[in-house]
Asker: 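The structure is given below, and queries will be raised subsequently.
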Amino acid sequence: MAEHSRFLALLAVAVAAFALVPRLGGDYAIGVALNLLMWIALTQSWVVLSAMTGYVSLGHAVFFGAGAYAMVLCFGSLPFWLSVIVAGAATGLLALLVGYPCLRVRGPYFVILTFGLAELVKFVVINVEAALGQFGRLLFGGPGLAQIFYVVLVLAAVSVIVTWFVRRSRFGAGLRAIRENEEAAETLGIDVARYKVLAFALSAIVPGMVGAAMVLRTTYFEPLDLFNPITSFTIVSIAIIGGGDDVPGPVYGALFLVLMQELLWANWPEVYMILLGGLLVAFVLGVPDGIHGRVAAWRKARG
Amino acid sequence: MSLLELKGVGRRFGGVVAVDAMDMTVDEGEILGLMGANGAGKTTLFALIAGNLRPSAGEIRFRGRRIDGLRPDRVNRLGIARAFQIVRPFAGLSVLENVAVASLFGAGRERSIRRAEENAFEVLEEVGLSDRARDPAGTLTLAGRKRLEIARALATRPRLLLLDEVMAGLTPVEVSEALQMVLTLKERHGLTIVVIEHVMRALMRLCERLVVLHHGVRIAEGAPDEIAADPRVIEAYLGRARE
Ligand SMILES: Nc1ncnc2c1ncn2[C@@H]1O[C@H](COP(=O)(O)OP(=O)(O)OP(=O)(O)O)[C@@H](O)[C@H]1O
Ligand SMILES: [Mg+2]
């Protein structure tokens, strides 16, 4: 219980500090913090599915994009916050629908399937838009940057809380058992099919809501950007660099990535991708437990 | 009434008949031994009972209720636990976490993590693994992993325990310890047990009744000394040695 109180206190301090950013900083600072919060929210959600069950999704951009699309369809008829909730419900439902067939395959097949699914949904949306005679929608009169920022801050906090409590729950114990050995898990009484689908749905809701909020940052809806597979790759990269199946990993990973983006993207954009790729290889081979694993080992050694 | 009852249970893999029209009963409170040469179909029979495989023929009843075709998690919740021949530890989790998961699910379905860990620790003490509780399960030796299989199965609070060669690969001293442990666990938890073993000494010590499988067919059943003298059994084993 002391562990929970310490966590919640730390989270409250972090949220309060971030909440000051729009008051104290300019648009640039808000943009950087927003970017950081977005990646934290997306990667925490991914961890609930992929780090805990071992079913690695390479298609989480589908939920980001689908949430954005839900926002586009609601735009103008529902209030901003309500549209965000609708988007989360829609992507959770989407995951429930596709989860059962997808989660029947394991390992590399699941990875490819999630990637394929994301591409499939992207092209469906593009074609639906074309059939509707829409070629890129303009979204005028949406919320301001600060408002988007606060929504994403809340979503990041929610995603952190979800990961924390799932990781320490009976449900989370079941998910981690599935990751370690699925046949043993089901023989010990775990309803593996149901648990996997629930984890999938749970990991889809926040990304849908984040997509819904982020699409309004620009005033233009472009499916190719919102269903960009780079988003999925980045989530997996952050999770690998951060390491582990708990809250700290995505936070370390996202901090690291955003720092890299700020240092390199602006000055040497051509080196950025090379360096990111190189780092990823280095982490997979040399630091498989990620920054979180190293920090934990260092703390343990220090006593 | 018998606790477990198999009637005409069969399973084929393509052309291979692994288990053929098997009839078998297990009575409440007994330790039944299952023996047979390699490939006789013993493990397949456990997989059919535990729900890991569906039978292609026949029916299985547990406490009078049909369980064939049920998923493994359902079967386990009804009170049947299986320790795998090829151990399947949750290698990345600690020894304690391995057993706590079993306590959280299984037939016991403990709701609180803390109580599940307490249960798990007690079970680990019973199987002699409590001093390794905090270590990753992947660091255990084979003997340790076999004990972990038993501990996990036990932590699901079963009535019927299926032990598949939990003594294979152990030293004679470890076998003696394991035998004593199984007998103690049975008494303490009021278990009914089916054991698969190749070690005849172990079966003699544990069981009052043995069933012998050969090419998926039950060729003999009886007390250990009857079985040891049964010509069909001797032929099945010696026949294999000559191959
Ligand atoms: N999943 C499977 N697919 C195909 N054939 C299988 C499968 N499982 C078992 N078999 C075959 O069924 C037969 C029985 O195998 P099983 O593992 O049940 O034997 P066993 O009595 O447990 O042997 P051992 O003493 O070596 O453990 C063997 O011929 C085996 O090759
Ligand atoms: Mg076997």
Side-chain angles (χ1 to χ4, degrees), chain A residues 1-5 7 47 50-56 100 103-104 106 164-199 239-240 243-246 249 288-290 292-293 296-297 300 303, chain B residues 46-47 49-53 70-84 86-94 96-117 120 136-138 145 148-149 151-158 162 164:
Chain A
M1 286 309 107
E3 199 195 12
H4 290 322
S5 330
F7 160 74
V47 159
S50 297
M52 292 199 203
T53 69
Y55 280 75
V56 172
Y100 190 70
L103 289 156
R104 294 169 70 103
R106 292 189 214 183
W164 176 271
F165 283 101
V166 167
R167 175 69 173 69
R168 283 150 189 82
S169 69
R170 184 170 176 273
F171 178 56
L175 297 182
R176 295 167 79 230
I178 290 171
R179 174 187 73 204
E180 296 295 323
N181 192 309
E182 196 161 333
E183 196 178 11
E186 65 178 348
T187 308
L188 295 174
I190 299 170
D191 185 344
V192 296
R194 194 165 66 94
Y195 267 39
K196 289 189 296 187
V197 172
L198 284 178
I240 289 174
D245 60 0
D246 205 348
D289 52 355
H292 175 45
K300 206 172 163 188
Chain B
F46 271 12
I49 296 169
N52 303 110
L53 287 174
L70 289 187
R71 288 196 320 256
D73 57 301
R74 292 251 144 235
V75 174
N76 179 264
R77 266 188 249 179
L78 292 174
I80 300 181
R82 172 183 179 196
F84 287 96
I86 301 181
V87 292
R88 289 165 164 73
F90 301 135
L93 308 186
S94 75
L96 187 74
E97 283 175 317
N98 267 263
V99 185
V101 173
S103 172
L104 286 168
F105 295 91
R109 304 195 89 63
E110 177 58 63
R111 293 278 145 184
S112 130
I113 300 267
R114 192 178 52 79
R115 277 204 300 278
E117 290 188 348
R145 287 169 196 227
L148 181 61
E149 277 290 325
R152 267 193 335 199
L154 205 60
T156 66
R157 301 242 183 275
L162 307 174
D164 195 347

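The shown structure was predicted, so the numbers you read here are calculated from the model rather than taken from an experiment. Sequence lines set the chain letters: A, B, ... in the order given, protein chains first and strands last, and positions in each chain run from 1. Below, all heavy atoms of this structure are taken into account, side chains as well, without hydrogens, waters or symmetry copies.
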Asker: At a 4.5 Å cut-off on heavy atoms, which part of A:Arg168 comes close to chain B: side chain, backbone, both, or neither?
Answerer: backbone
Asker: Can you find a heavy atom in the side chain of B:Asp73 that is under 4.5 Å from one in the side chain of B:Phe105?
Answerer: no
Asker: Any idea which of A:Glu186, A:Arg179, A:Glu180, A:Glu183 has the most non-hydrogen atom pairs under 4.5 angstrom with chain B?
Answerer: A:Glu180
Asker: Check whether B:Leu104 gets within reach of chain A through its side chain, its backbone, both or neither, counting any heavy atom under 4.5 Å.
Answerer: both
Asker: Mark yes or no: A:Arg176 above the aromatic ring of A:Phe171, with NZ or CZ under 6.0 Å from the six-membered ring centre and no more than 45 degrees from the axis.
Answerer: no
Asker: Could you state the interatomic distance from CG (B:Leu70) to CD1 (B:Ile49), rounded to the nearest 0.5 Å?
Answerer: 13.5 Å
Asker: Quick one: what part of B:Arg71 sits under 4.5 Å from any heavy atom of chain A, side chain, backbone, both or neither?
Answerer: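 Only the side chain of B:Arg71 comes within 4.5 Å of chain A.
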Asker: List the atom of B:Arg88, the atom of A:Ala184, and the distance in Å for their closest heavy-atom pair.
Answerer: O-CB, 3.7 Å
Asker: Top residue by heavy-atom pair count (under 4.5 Å) with chain A, among B:Arg111, B:Arg82, B:Glu97, B:Arg74?
Answerer: B:Arg111
Asker: Whether A:Glu182 and A:Lys196 form a salt bridge (side-chain N of Lys/Arg under 4.0 Å from carboxylate O of Asp/Glu) is what I want to check.
Answerer: yes
Asker: Using a 4.5 angstrom heavy-atom cutoff, name the option from A:Gly189, A:Ser169, A:Gly174 with the most pairs to chain B.
Answerer: A:Gly189
Asker: Between B:Asn76, B:Leu78, B:Asn98, which shows the greatest number of heavy-atom pairs under 4.5 Å with chain A?
Answerer: B:Asn76
Asker: Ignoring hydrogens, what is the shortest heavy-atom contact between A:Ala199 and A:Thr53? Give both atom names and the distance.
Answerer: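 Shortest heavy-atom separation between A:Ala199 and A:Thr53 comes out as CB-CG2, 4.3 Å.
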Asker: Under a 4.5 Å heavy-atom cutoff, which of B:Ala91, B:Ala102, B:Ala50 has the most pairs with chain A?
Answerer: B:Ala91
